[in-house]
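In this chain, residues are counted from 1 in sequence order. Treat the numbers as computed from the prediction; the structure is a model and nothing was measured.
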Amino acid sequence: FFINGISVVGAQPLDVFKKTIDAELAKAQAKVASGTPRDRVYAELALVNRESAPKAGDDGDDRGGEDDTKTVFKIPVGSSPVRGSATALVTIVEFADFQCPFCARVEATLESLRHKYGDKIRIVWKNEPLPFHPNAEPAAEAALEVRAERGDAGFWSMHDKLFAAQRDLSPDVLAKLAGEVGANPGRVRVAVKTHSRKNEIGADA
């Protein structure tokens, strides 16, 4: 996860997210009070956080290690699915996999954050289907096809259903879930079979 560009790794407890979000909210509110338009807050804070992060080591690798908690990343929202307002003071960018049990576990934390902070936060989804999860990429294809038909609201409904049905993400189940959220099951089957959303998934990577 990237909270205004600050990296939070793994299925962390709610308090870890709250600590970072509360600090970012204070900075964001100060920005707004000083005249920064709300829809510019994310971009400006992500830039400030990146500039104030420790510099990369001599090896030139600026990605940070697995335990790195100080590197700040510039993560563009782009055209990714968004839950929340563009004027939210804090943006959380989540890279996840619909078949990953750890990704499923953190959903309760994200729901708690949405309940606690309301329109002060927005969540951005980025697909990261892991190669050892054979149903993750088809599930991402299905979710993006639903989004093409039903918009962000349809995507997030499908997102929730995919995590709830995580033990069986076969093509038949993906088509059935798509129908339940109002998308065309046949089109979803074609998208999964032909990998029609492969470029979108690749862009997230």
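In this structure, a donor-acceptor pair under 3.5 Å is present between the side chains of Asp168 and Ser170. In the model, Thr91 has a side-chain atom that pairs as donor or acceptor with a side-chain atom of Arg122 under 3.5 Å.
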Run Phe73 and Ile6 through side-chain contact (heavy atoms from CB on, under 4.5 Å) and show every step you take.
CA-CA 7 Å; Phe73 299 85; Ile6 298 170; over 6 Å; no
Apply side-chain contact (heavy atoms from CB on, under 4.5 Å) to the pair Leu89 and Glu24, showing each step before the final yes or no.
CA-CA 8 Å; Leu89 299 176; Glu24 286 303 300; over 6 Å; no
Go through it in stages, so that I can follow the logic: the residues are Arg197 and Asp204, the test is salt bridge (charged side-chain N to carboxylate O under 4.0 Å, His left out), and I'd like the CA-CA distance, side-chain angles, deciding distance and then a yes or no.
CA-CA 11 Å; Arg197 304 288 163 183; Asp204 286 350; over 6 Å; no
Residues Glu94, Val106; criterion side-chain contact (heavy atoms from CB on, under 4.5 Å); working and verdict:
CA-CA 10 Å; Glu94 175 187 14; Val106 83; 4.1 Å; yes
Using the rule given for side-chain contact (heavy atoms from CB on, under 4.5 Å), can you reason through Val188 versus Glu141, listing the C-alpha separation, both sets of side-chain angles and the distance that settles it, and then say yes or no?
CA-CA 8 Å; Val188 169; Glu141 294 273 359; over 6 Å; no
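Residues Val93 and Val41 fall into different hydrophobic clusters, defined by Ile, Leu, Val, Met, Phe, Trp and Tyr side chains chained together at heavy-atom separations under 4.5 Å. Following chains of ILVMFWY side-chain contacts shorter than 4.5 Å, one can reach Val90 starting from Leu45, so the two form part of one hydrophobic cluster. Each of Leu25 and Val48 belongs to its own hydrophobic cluster when Ile, Leu, Val, Met, Phe, Trp and Tyr are linked at side-chain heavy-atom distances under 4.5 angstrom. Cluster annotation: Ile3 is not connected to Ile75 through the hydrophobic network of ILVMFWY side chains, with a link wherever side-chain heavy atoms come within less than 4.5 Å.
Looking at heavy atoms from C-beta onward, Glu145 lies out of side-chain contact with Met158 at the 4.5 angstrom threshold. Side-chain contact check for Cys103 versus Phe163: some heavy-atom pair is nearer than 4.5 Å. Here the side chains of Val77 and Tyr42 are in contact, with some heavy-atom distance below 4.5 Å. Two residues are said to be in side-chain contact when any heavy atoms from C-beta on lie closer than 4.5 Å; Ser34 and Val32 fail this criterion. The closest side-chain heavy-atom distance from Pro129 to Asn127 is below 4.5 Å. The closest side-chain heavy-atom distance from Leu110 to Glu107 is below 4.5 Å. You'll find the side chain of Val181 reaches within 4.5 Å of the side chain of Lys161, heavy atoms only. No side-chain heavy atom of Val190 sits under 4.5 Å from any side-chain heavy atom of Ser196.
By the neighbour-count criterion of 12 heavy atoms within 6.0 Å, atom NZ of Lys126 is densely surrounded, having more than that number from other residues, nucleotides or ligands.
Within the model, atoms CD1 of Ile123 and CZ of Arg83 stand 7.0 Å from one another, a figure rounded to the nearest 0.5 Å. Rounded to the nearest 0.5 Å, atoms NZ (Lys176) and CZ (Arg189) are 12.0 Å apart. Taken from CG in Asn4 to CD1 in Ile21, the straight-line distance is 9.0 Å, to the nearest 0.5 Å. Interatomic distance, Phe132 CZ to Cys100 SG, rounded to the nearest 0.5 Å: 7.0 Å. Interatomic distance, CZ of Phe98 versus CG of Asn135, reported as 12.5 Å (0.5 Å rounding). Put simply, NZ on Lys18 and OG on Ser112 are 9.5 Å apart, with the number rounded to the nearest 0.5 Å.
Formation of a donor-acceptor pair under 3.5 Å by the Asp97 side chain with backbone atoms of Leu130 is found in this model. Looking only at distances, no side-chain donor or acceptor of Asn49 sits under 3.5 Å from a matching main-chain atom of Val72. Using modelled atom types, one side-chain atom of Glu149 and one backbone atom of Asn184 make a donor-acceptor pair closer than 3.5 Å. With hydrogens and angles ignored, the 3.5 Å screen pairs a side-chain donor or acceptor of Trp156 with a backbone N or O of Val82. Under the 3.5 Å distance criterion, the side-chain polar atoms of Ser157 are matched with a main-chain donor or acceptor of Ala153.
Residues Gln166 and Gln99 share a closest heavy-atom pair of NE2-C, 3.2 Å. The minimum heavy-atom distance between Ala183 and Pro185, with the atom names listed, is O-CD, 3.2 Å. For the residue pair Ala139 and Leu169, the shortest heavy atom distance occurs at CB-CD1, 4.1 Å. Listed here is the closest heavy atom pair of Ser80 and Val124: CB-CG1, 3.6 Å.
In this structure, Lys120 does not pair ionically with Asp22, as no charged nitrogen and carboxylate oxygen lie closer than 4.0 Å. Ion pairing of Asp152 with Arg147 is present here, as a side-chain N (NZ or NE/NH1/NH2) and a carboxylate O approach within less than 4.0 Å.
For Val16, the side chain to side chain contact (heavy atoms under 4.5 Å, CB included) partners at least two apart in sequence or on another chain are Val8, Gln12, Pro13.
Using cut-offs of 30° and 60° on the angle between ring planes, the pair Phe155 and His159 is tilted.
Phe95 pairs with exactly one of Phe102, Trp125, Phe2 by the ring pair (Phe, Tyr, Trp, His ring centres under 6.0 Å) rule, that one being Phe2.
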